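This report refers to the structure that appears directly beneath it.
Only a predicted model underlies this, so the values are computations on that prediction, with no experimental measurement involved. One-based numbering, in listed order, for ligands and for the atoms of each.
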Amino acid sequence: MTRARSSSSPPALHARLLAWFDRFGRKDLPWQTNPTPYRVWVSEIMLQQTQVATVIPYYLRFIERFPDVDALACATLDEVLHLWTGLGYYARARNLHRAARIVCEHYHSELPRDINLLMQLPGIGRSTAGALLALAHGERHAILDGNVKRVLARFHAIEGWPGAPLMEKKLWALAETHLPATRLRDYTQAFMDLGATLCTRTQPACSRCPLTGDCAAHAAGRVMNFPAPQPRAAKPVRKITFVLLRNRAGAVRLMQRPPAGIWGRLWSFPECTHRTERKIQRWCESELGFIVAQVERHDPLRHTFSHFHLDILPVVAEVTGRRPAVMETCPAVWYNITQPDARGLAAPVKRLLLELAKHPARKIHDANGELRKTGPRGRSPQAPAVSGRARQTDF
Ligand code: SF4
């Protein structure tokens, strides 16, 4: 049910929002100084699903390395993913890189100003295109990111989950209605700031909000009822085993993942679904061509995606030989964990590599490079037994 507001006309909202912005809005964010379309674009992509404080250091490193769209287009995807490592949602980085190449090739290295052309670029939806044009050029376009959806849903007390098509249609119409005739740059930033700093999801500060007087949810004492949460089914759980193959020099095998699917084009460990030492050993030999002397299981960890949980069992496998007849089907490298190079890594991969770097390769080879005798079931005598789901993975 949508309750009509009776005491406030749309212009009142933007006037109060702008007055509030003049006093309290954020004006010194890195992308607000010299807001070129490229810089605004990069910031808007990074800010999708990520908070400002998290984005700032990533943004600064990214802009330093890729100061303009040409620099980004000329970079390899590996370089881009490397600078994105830890920020998550890697499709954003892949799309940004792909779009930069299109902009250079088809638009003379200038982002188009036509919203429809912008929306044809990979990774740019209606809200991002509107934000880009409003923030970079001061053009009159609405935005509807998560913050704006929440403010509008509360201000108008609109029932329903904002991701539902009908609800989204209503919110877009309202976002358009509230647009002022001027100061689009400030208004757009103000709306985003209000949602991020006052009308927050869990602790809305209504007493300090410039919209309190006309906010329908506040008037009804039902602020926390809006917006309605997404109706959820329980997230499925997938299980995989990360095989951390380690060679005699202590380097770790990484393979580049295919472009489609999770962590596309990022570097990760070989993975299988086996859980037992014997099967993992056989798999290493038949699928990767590596003979492994021993396999150590370590604490599992869970990585949660938007649509499923991934339960990862890391095992460290010491390589002692090679079956050259086996061909690996994707690019692979021996990764020097003490002097890592620049490549994109998924967050749990990076975390496991850091843990592994703390612990040098176990001395399972003697001075002549021959395999030393190991403990029961292949576990080296000095290797600690580890178990339990809840603990941090540690090597
Ligand atoms: S009054 Fe409260 S609920 Fe309404 S817009 Fe302001 S902060 Fe959000």
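- Trp31 places none of its side-chain heavy atoms less than 4.5 Å from the side chain of Ile63.
- Of all protein atoms, those of element N, O or S that lie under 2.8 Å from atom 6 (Fe) of ligand 1 number 1.
- Thr76 and Asp78 share no donor-acceptor pair across their side chains, judged by distance under 3.5 Å alone.
- Under the 3.5 Å distance criterion, with hydrogens and angles disregarded, no donor-acceptor pair is assigned to the side chains of Asp145 and Ser127.
- Between the side chains of Thr200 and Arg150, no donor-acceptor pair of N or O atoms lies under 3.5 Å.
- Under the rule for a side-chain contact (heavy atoms from CB on, under 4.5 Å), the partners of Asp341 that lie at least two apart in sequence or sit in another chain are Tyr335, Arg343.
- The closest side-chain donor-acceptor pair between His274 and Thr241, if any, does not fall under 3.5 angstrom.
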